[in-house]
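A note on names: the letters A, B, ... follow the listed sequences, proteins ahead of strands, and every chain is numbered from 1.
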There are 2 protein chains.
Amino acid sequence: MAQVKPMRADARRNYDRLLEEAAAAFAEHGERASLDDIAKRAGVGSGTLYRHFPTRQALLEAVYVDAIDAIAVRADELAAELAPGEALVEWMNELAAGMIQVRGLKALLGSAMADGGAEVLARCGSSVKEAAVRLVGEAQREGTLRGDVEPIEVLRLAHGVASASELGGGDAVHIRRYLSLLTEGLRA
Amino acid sequence: MAQVKPMRADARRNYDRLLEEAAAAFAEHGERASLDDIAKRAGVGSGTLYRHFPTRQALLEAVYVDAIDAIAVRADELAAELAPGEALVEWMNELAAGMIQVRGLKALLGSAMADGGAEVLARCGSSVKEAAVRLVGEAQREGTLRGDVEPIEVLRLAHGVASASELGGGDAVHIRRYLSLLTEGLRA
DNA sequence: AGCCAAAGCGGAGACAGTCCCCGCTTTCTG
DNA sequence: CAGAAAGCGGGGACTGTCTCCGCTTTGGCT
């Protein structure tokens, strides 16, 4: 998705600098870090920040595009290594872990998975959705995943697992535990 | 929990008025409604609001004590009407529905279910926790619920179900669906 | 090289929210 | 009914968001 018209050199410089500082600030202070502060740290005026990224959401999206793409790529790696059913569960595990560890990613992906959130994050959310479609399809063809489960449901359940795990501290043990309760079911 | 020393008449009046307006404001504008605005609507200064409720959390807690108690009471009603396993599932369903419908309740109960959140909401959170202990115990004794599931895990899973359902619109159909996927498990 | 239109910058400032402080008012007590 | 204590309230400091517009930088063009 290269610019149709290349950015002016100073604009490009500021854009990159902002992205860099935003990543640092979000990592340090959480997804609610002050935007004006990010601008200051990047050595630009706040107007410049808001021109490049009209909303906090837009900035978060730009910052986490890489993390989101990595999640989508990871789906294919797992599909190549493991049986379809295992690949799906392992992917959900990594997806939930990513949503917890990378601060702000859960809310961001959440809005991509929300009912009318299609347009908001069309670009980066879609690669994750496509990955889900593939993994779910294969697991169902294999016969280890319930046939009536939709890919979007799997994504939302991963979000739910992340939410539940977060309450317990959000470490790997909790994620595996709640994911296992989901895959196995609560029935005796 | 009556005051050891009764409140002064004007203090009591303001307290009640604030609670009333806060409930209206949270219902209307969500849990992030302006606190100064609530004070204004209640006809008191912001200082008065902050004296009675030092944090937003404290105000939310006070507003939703009733809703939370109702959830705890509902556990016993369901236990009397249904088989233990069904009572637990139905309660989780109502718990998740409550967390979505009563705006702010999900975040509030979330902090009560969080790892170190014991003290924060000791009072109103504990009645819910005790209800969970009862329902889980009976369902396990009956043999319809996995024996290794902890009550706190059930609460966190209800929170997770609410999170997942919210992404789909948060209506009753979604809640039942995600809860059913959890109880039955994802395996074919 | 030098010009100049357009692209882009940046920070002042309007606005909204949170929360504290402390002089003033109301209530309760004897 | 007076005095002390409890409580009030709103001004104001502070932080964050976001816009506006005069000024600067850039890059194509000669």
Side-chain angles (χ1 to χ4, degrees), chain A residues 1-64 103-104 107-108 111 120, chain B residues 1-64 103-104 107-108 111 120:
Chain A
M1 195 177 278
Q3 299 288 319
V4 177
K5 207 164 195 182
M7 281 171 118
R8 235 172 69 170
D10 54 346
R12 163 105 258 143
R13 213 182 313 127
N14 287 328
Y15 184 95
D16 290 345
R17 199 73 219 296
L18 278 167
L19 221 45
E20 205 175 311
E21 288 301 331
F26 287 140
E28 189 175 345
H29 301 112
E31 64 199 286
R32 318 205 39 177
S34 159
L35 296 184
D36 274 26
D37 202 50
I38 289 171
K40 204 156 291 169
R41 285 174 58 167
V44 305
S46 48
T48 302
L49 187 154
Y50 287 102
R51 197 167 337 94
H52 284 302
F53 310 99
T55 63
R56 175 181 294 275
Q57 180 86 342
L59 180 55
L60 274 169
E61 185 175 350
V63 166
Y64 291 123
R103 298 176 73 167
L108 181 64
S111 63
V120 184
Chain B
M1 196 175 280
Q3 298 289 317
V4 177
K5 207 164 193 181
M7 280 171 119
R8 235 172 69 169
D10 54 346
R12 162 106 258 141
R13 213 182 312 126
N14 286 329
Y15 183 97
D16 291 345
R17 199 73 219 297
L18 279 168
L19 222 44
E20 205 174 311
E21 288 301 332
F26 287 140
E28 190 175 343
H29 300 113
E31 64 199 287
R32 319 207 35 177
S34 158
L35 296 183
D36 275 25
D37 202 50
I38 289 171
K40 205 156 288 169
R41 286 173 58 168
V44 304
S46 49
T48 302
L49 187 154
Y50 287 102
R51 199 167 334 96
H52 285 303
F53 310 100
T55 63
R56 176 180 294 274
Q57 179 85 344
L59 181 56
L60 275 169
E61 186 175 349
V63 166
Y64 290 123
R103 298 174 73 167
L108 182 63
S111 62
V120 183

Presence of T48(A) side-chain N/O under 4.0 Å of dG10(C) phosphate oxygens OP1/OP2: yes
With sequence neighbours left out, the residues meeting salt bridge (charged side-chain N to carboxylate O under 4.0 Å, His left out) with D16(A) are R12(A)
Between P of dG7(D) and CZ of F53(B), the distance in whole Å: 14 Å
How many whole angstroms separate atom CZ of R51(A) from atom P of dT19(D)? 12 Å
Specify the closest pair of heavy atoms between L18(B) and A42(B), including all atoms of both residues, with the distance to one decimal. CD2-CB, 3.8 Å
Given dG8(C), is OP1 or OP2 found less than 4.0 Å from the side-chain N or O atoms of N14(A)? no
Minimum-distance pair of heavy atoms, taken over all atoms of A25(A) and I38(A): CB-CG1, 3.6 Å
How far apart are the closest heavy atoms of A11(A) and H52(A), and which atoms are they? O-NE2, 3.8 Å
What integer distance in Å separates Y50(A):OH from dG13(C):C1'? 14 Å
Rounded to the nearest Å, what distance is computed from the CG atom of residue L59(B) to the P atom of nucleotide dC19(C)? 11 Å
Does H52(A) make a side-chain N or O approach to OP1 or OP2 of dG8(C) shorter than 4.0 Å? no
Report yes if some heavy atom in the side chain of V44(B) is under 4.5 Å from a heavy atom in the side chain of R17(B); otherwise report no. no
Interface residues of residues 16-42 of chain A with DNA chain C (non-hydrogen, below 4.0 angstrom): none
For S46(B) and D36(B), the nearest pair of non-hydrogen atoms, with its separation, is CB-OD1, 3.6 Å
Taking every heavy atom of L49(B) against every heavy atom of L35(B), the minimum-distance pair comes out as CD1-O, 3.2 Å
Tell me the interatomic distance from R56(A), atom CZ, to dT17(D), atom C1', rounded to whole angstroms. 9 Å
Taking N or O atoms only and anything under 3.5 Å, show me the protein contacts with nucleotides 28-30 of chain D, one pair per line.
none

Nearest atoms (heavy-atom pairs only) where A33(B) meets H29(B): CB-CB, 4.0 Å
Reading nucleotides 25-30 of chain C 5' to 3', which nucleotides get B (base under 4.0 Å from a protein heavy atom), which S (sugar-phosphate only), which -? -BSS--
Do the non-hydrogen side-chain atoms of Y50(B) and L59(B) ever get within less than 4.5 Å of each other? no
Tell me every residue that passes side chain to side chain contact (heavy atoms under 4.5 Å, CB included) with A62(A), counting only those two or more places apart in sequence or in another chain. Y15(A), L19(A), F53(A)
What pairs of residues pass the salt bridge (charged side-chain N to carboxylate O under 4.0 Å, His left out) test when at least one of them lies in residues 22-35 of chain A, not counting sequence neighbours? E28(A)-R41(A)
Among dC20(C), dT17(D), dG11(C), the one nearest any side-chain atom of S46(A) is dG11(C)
